[in-house]
2 protein chains.
Amino acid sequence: MEIQGLHGRLLADLGPAIASGEIPEGTVLRSEELEARYGVSRTVVREAVRVLEAMRLVASRRRVGTTVQPREAWDVFDPLVIRWRLAGADRAAQLSSLGGLRIAVEPVAAALAAAQASEDHCRELSALAVELTVTARSGDLQEFLRHDIAFHALVLRASGNEMFAHLADAVGAVLTGRTEHELMPHHPARYAVALHREVAEAVCAQDAAAAERAMRAIVTGALEELAPTLAEQA
Amino acid sequence: MEIQGLHGRLLADLGPAIASGEIPEGTVLRSEELEARYGVSRTVVREAVRVLEAMRLVASRRRVGTTVQPREAWDVFDPLVIRWRLAGADRAAQLSSLGGLRIAVEPVAAALAAAQASEDHCRELSALAVELTVTARSGDLQEFLRHDIAFHALVLRASGNEMFAHLADAVGAVLTGRTEHELMPHHPARYAVALHREVAEAVCAQDAAAAERAMRAIVTGALEELAPTLAEQA
DNA sequence: CACTTGAATAAGTCATACCTTTGGAGTCAT
DNA sequence: ATGACTCCAAAGGTATGACTTATTCAAGTG
């Protein structure tokens, strides 16, 4: 994703460097310097900088150069910024922010999904819950992850709110990060799997309140399990 | 904001046109054509297109051109995309999506703010509640709006979650839109003002549950008041 | 009919020249 | 010394022409 062309390469190099704090706030990047450093033309540098500017990672002014902006200015909802931060030194902060967002959004999404659930959604969700149960028991973390992501994405989509649906990628990134960085036990907690089943059942029963409760338990549990790791990195 | 330079002008013209559906999904824009239409150079066109591409509004491929992407692909959390959609034909859909997001986030933000409220936050919030009460009575909608935006932004910031804080702009845009388009009564509802006072008091008392309840009442109320207008436009 | 080949097309890249803004040095008068 | 004014140089912004590369589509070939 987003690795097309030279400007893509620049972006894939500069973005993470800035997002991780490797290039600190206030640093001034001159076009000429970037051209030389990456051996590319003005055109390429300018396009990459434009994109970074749209993300509010940098701001360019005449006679000054492109300045790395303070964290507060960054567009923290941009998918690329989220990914870059998750990959770098800011991982802890990004995970806790996303955790908070999940606590806010996912329970409401589950309630909405239950309130207007179609048979298809019910079927798919139930099937995913079964897969989660099976792969959790067998300890196949990769498959478990795949289905976990699909489960949460489906709930977000079934909410009928396009903005909720777009958070699926971010949630997926969080779940992936959790698995990749060994931040979770080798056998997913039994209670978590049970809660996923509860969500699926509540959605099928169009019981909004129950769906919301179960989902809230899932996401608060996820954040709590992460808390020690976050504290350790801070 | 974002009106600097020629590429900024292009963006300010193309962005809204796409976001409003005026330029429909699937439309192919050729660089040369855009150069001619706006009387600018390739450089400018390419930079504008790059930014639109980062927002996933368009995708450019060799030998084909830059194609307008379907709505589902758009980065609906991008501040500019939100603003453009609010200004155009998609306003109703965007308002209802944002309304849903507010219902999810703001109550949780209020609870967090209450749980870790500082004296400063309490003071500021109380002051804003007073201003809201006064300007509501006098019917000064512009001032009321200003303070309303500040109130919600402060709660989001006081939550301590950077992602919540970044939603302040979007919430501000919703509130502004509501006032500008005469979608609200000339004297803000008395119960709404009372609820804002309740939020402020709950935060000062560090009563998370009460703050969450009051805020939830505010945002659900806001969405319900909007419902008839939304239905009418759909 | 499938498969290869080739030409046309539009984006991507580079190099260069020139314009425009603006920070800051230098100057001068108070 | 302090303030205001002038002017220059630095860096981004824009325009343009030449060239590269990927990709589609169609013609040709087995």
Side-chain angles (χ1 to χ4, degrees), chain A residues 1-18 23-70 73-75 80, chain B residues 1-18 23-70 73-75 80:
Chain A
M1 174 198 189
E2 203 75 40
I3 324 168
Q4 48 175 336
L6 293 187
H7 58 273
R9 271 200 44 243
L10 250 200
L11 216 88
D13 203 67
L14 279 179
I18 295 174
I23 303 179
E25 166 186 348
T27 305
V28 176
L29 307 163
R30 277 167 305 108
S31 303
E32 199 183 349
E33 171 194 330
L34 293 176
E35 290 172 36
R37 175 131 61 98
Y38 291 92
V40 294
S41 73
R42 192 94 175 269
T43 320
V44 171
V45 170
R46 288 183 61 56
E47 286 173 23
V49 168
R50 269 292 151 300
V51 174
L52 291 174
E53 195 176 28
M55 297 171 176
R56 302 274 190 276
L57 291 186
V58 305
S60 55
R61 288 171 52 194
R62 281 182 159 157
R63 166 66 211 225
V64 175
T66 43
T67 315
V68 175
Q69 296 295 102
W74 297 356
D75 182 0
L80 286 177
Chain B
M1 172 197 191
E2 204 74 42
I3 324 168
Q4 49 175 337
L6 293 187
H7 58 271
R9 271 201 44 244
L10 249 199
L11 219 91
D13 203 67
L14 278 179
I18 295 174
I23 302 178
E25 166 187 347
T27 305
V28 176
L29 307 163
R30 277 169 305 109
S31 301
E32 199 183 349
E33 171 193 331
L34 292 176
E35 291 171 34
R37 174 133 61 98
Y38 291 92
V40 295
S41 72
R42 273 206 303 296
T43 321
V44 170
V45 170
R46 297 194 99 266
E47 287 174 22
V49 167
R50 268 289 129 3
V51 174
L52 291 174
E53 196 176 27
M55 297 170 176
R56 301 273 189 276
L57 290 188
V58 305
S60 55
R61 290 171 51 197
R62 280 182 156 154
R63 165 66 212 223
V64 173
T66 52
T67 315
V68 175
Q69 296 296 102
W74 297 355
D75 183 358
L80 285 177

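Numbers restart at 1 for each chain; the letters A, B, ... are given by sequence-line order, proteins then strands. Hydrogens, waters and symmetry mates play no part in the numbers below; they use all other heavy atoms, side chains included.
Note: OH (Y38(A)) to C1' (dC14(C)) measures 19 Å, nearest angstrom. The separation between L34(B) atom CG and dA10(C) atom P is 13 Å, rounded to whole Å. Distance L52(A) CG to dG12(D) C1': 16 Å, rounded to the nearest Å. Here dC19(C) presents its P atom at 22 Å from CD of Q4(B), a figure rounded to the nearest Å. To the nearest angstrom, P of dG12(D) lies 12 Å from CD of E47(B). Rounded to an integer number of Å, the gap from NE2 of H7(B) to P of dG13(D) is 6 Å. The distance from atom CZ of R30(A) to atom C1' of dG12(D) is 12 Å, rounded to the nearest whole Å. For R62(A) and dG24(C), the CZ to P distance is 17 Å, given to the nearest whole Å.
Of the residues near DNA chain C, E32(B) and V64(A), the one whose nearest nucleotide (by heavy atom distance) lies more toward the 5' end is E32(B). Mapping T43(B) and R61(A) onto DNA chain C by nearest heavy atom places T43(B) closer to the 5' end of the strand.
One can find a donor-acceptor pair under 3.5 Å joining the base of dA8(C) and the side-chain atoms of R63(B). With hydrogens and angles ignored, a donor-acceptor pair under 3.5 angstrom links the side chain of R42(A) to the base of dG13(D). Side chain R46(B) to base dA11(C): no donor-acceptor pair is found below 3.5 Å.
Which of dG23(C), dT23(D), dG13(D) sits closest to the side chain of R50(A) comes down to dG13(D). Between dG12(D), dT13(C), dT14(D), one nucleotide has an atom nearer to the side chain of S41(B) than all others, and that is dT14(D).
Counting heavy atoms from C-beta outward, L11(A) and L80(A) have side chains that approach closer than 4.5 Å. Here the side chains of V49(A) and L29(A) are not in contact, with every heavy-atom distance at 4.5 Å or above.
Between E47(A) and R50(A), none of the side-chain N atoms (NZ, or NE/NH1/NH2) sits under 4.0 Å from a carboxylate O, so this pair counts as no salt bridge.
Counted by atom type alone, E53(A) and T66(A) present zero donor-acceptor pairs between their side chains at under 3.5 Å.
The side chain of S60(B) places an N or O atom within less than 4.0 Å of a non-bridging phosphate oxygen (OP1 or OP2) of dG12(C).
Within 6.0 Å of atom CD in E33(A), more than 12 heavy atoms from other residues, nucleotides or ligands are found, so the atom counts as buried in its surroundings.
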